[in-house]
Amino acid sequence: MADIAHRRVRTNGIWMHIAEKGDGPLVLLIHGFPELWSSWKHQIHRLAERGYHAVAPDMRGYGDSDCPTDPASYTILHWVGDFVGLIDVLGQDQAYVVGHDWGAEVAWHLCLLRPDRVKALVNLGVPYRPRSPQFKPSEYMAKFGDGLYITQFQEPGRAEKSFAKHDCPTVLKKFLLVNGPDMLVAPPGVEFIDSLETPDSLPSWTTEEELQYRAEKFQRSGFTGALNYYRAMDRNWELLGPWQGARISVPTKFIVGDKDIGFQSAGTKSYIESEFFKGLVPGIQVLVIDGHHFIQQERAELVTAEILSFFGERSGN
C-alpha cells in the first residue's frame, strides 16, 4: 500500500483523512463498520490503473479523520455534508461512488439528498430501505429484544465497555469473521461482542499485518465514533421526513454476497428481488454473488470488475 498517497482535508467542519491514487474521473470509496479506507486497497489500485482518481476516506469517527464524541454529530446531514464537501475540495462537480455496509447507507443518502453530485453508484451488501412512515428504527428493532447488536449499540458507553474486555485485534477478528446466516442477536444477558466466536485464523482475503494496522487505528481512536452512526439512527428518521417516498434517481448497481448475514433469514433476498425495491431505485441492476459480507475484499477481483464495467459504461474508461 506504499504507493497510495495520504493527506487530511478540511470538509464540513472536520478534518478527513483520505487515501488516493490516480488521475481522472473521481471515484469515492466509502467503507463500513468496523473498517477503514484500507478495505478498498484492491479497488484503489485497479481504478487508478484504469484512469480514475480513486479516493478512499476514513469516514468521520474512524481512523485518522476527526472523531467527534457526540452522537448528534453523526446525522445523515453530517455524512452527506462531509462527502459533498469532499467532492468540492477535490475540485469536482460530481463523483462516481462505491459504498459498503455503513458506507452504503451513506452513499444511498448522498444520492437521495444530492443526486446532482453523483454520476453513478455501486453499493455493496446493504440495500436501500425507505424511511418507515410510522416507526423509528429503535421502535422497530425492539421486537428483536435486547440482544440485537443495534439495540446494544444505542446506549452510549455500553458497547465500548464490552469491547474493552478484549484487545482491538480480537474485536476486529470477531466482526471480520462474522459469516453466519442469521440476525446478529446475543443470548439473553450476554453482551453482543461476547457472543461472537474468536476465529483461530484469518480468512485468505486479509493478513495479520492488515489486521494490526486497523487495530492500531482503533486503539487510538476508540470505537465511539463508529458506534455513533447507530446512535443517530432515530435522529436520522426525524430528519428524513421531507424525503418520505422519494426515490433514488442515480444510475445504480447493487452487489451482495449470497452468504451475507441475514441474506435469507432477514429477508434481504426476497426484498432485493421485489418490485417494491426496484421501484425505489428505478433501473437498478442487482447482482448476487458467491460470498459473505466483506465482498470487496473476499471477492476483490470480481467486485472490482463489476465496478469498472458499470462506471466504464458511463465514463468511456
- Query: Under a 4.5 Å side-chain heavy-atom rule over Ile, Leu, Val, Met, Phe, Trp and Tyr, are V98 and V126 clustered together?
  - Reply: no
- No-hydrogen, no-angle side-chain donor-acceptor test under 3.5 Å, E208 and Q212: yes
- Query: Are the side chain of Q43 and the backbone N or O of Q296 linked by a donor-acceptor pair below 3.5 Å?
  - Reply: yes
- Query: Any donor and acceptor pair, going by atom type alone, linking the side chain of K174 with main-chain N or O of I193 inside 3.5 Å?
  - Reply: yes
- Item | Within 6.0 Å of CD in Q219, more than 12 heavy atoms from elsewhere | no
- Message: Tell me whether D101 contacts the main-chain N or O of G125 through its side chain, where contact means a donor paired with an acceptor under 3.5 Å.
- Response: no
- Note on the structure: The complete set of side chain to side chain donor-acceptor pair (under 3.5 Å) pairs with one or both residues in residues 274-290, sequence neighbours excluded, reads K259-D290
- Whether N123 side chain and A104 backbone form a donor-acceptor pair below 3.5 Å: yes
- Task: Could you tell me whether Y271 atom OH has more than 12 heavy atoms of other residues or ligands within 6.0 Å of it?
- Result: yes
- Item | Ion pair check, E191 and K165, cut-off under 4.0 Å | no
- With no hydrogens and no angle check, do the side chains of D70 and S73 hold a donor and an acceptor under 3.5 Å apart? no
- Item | Inter- and intrachain pairs under side chain to side chain donor-acceptor pair (under 3.5 Å), touching residues 108-117, at least two apart | D88-R117, R114-D116
- Atom CG of L240 and atom CZ of R235: how far apart are they, to the nearest 0.5 Å? 10.5 Å
- W40 reachable from L86 in the ILVMFWY side-chain graph, under 4.5 Å edges: yes
- Task: Spell out, as yes or no, whether a donor-acceptor pair under 3.5 Å connects the side chain of Q152 to the backbone of V190.
- Result: yes
- Note on the structure: Partner of Y230 under ring-ring contact (aromatic ring centres under 6.0 Å, His included), picked from F192, F223, F33, Y74, is F33
- Message: Here's one to test your reading of the geometry: is the NZ or CZ of R60 within 45 degrees of the ring axis of W79 and under 6.0 Å from its centre?
- Response: no
- Scan H17, R8, K217 and name whichever one has a side chain to side chain donor-acceptor pair (under 3.5 Å) with D64. K217
- For A120 and V250, work out which heavy atoms get closest and say how close. CA-CG1, 3.7 Å
- Message: Distance to the ring centre below 6.0 angstrom and angle to the axis at most 45 degrees; does that hold for R314 and Y96?
- Response: no
- How about E209: does its CD atom have over 12 heavy atoms from other parts shown lying under 6.0 Å from it? no
- Check: E20/H53 side-chain N/O donor and acceptor closer than 3.5 Å: yes
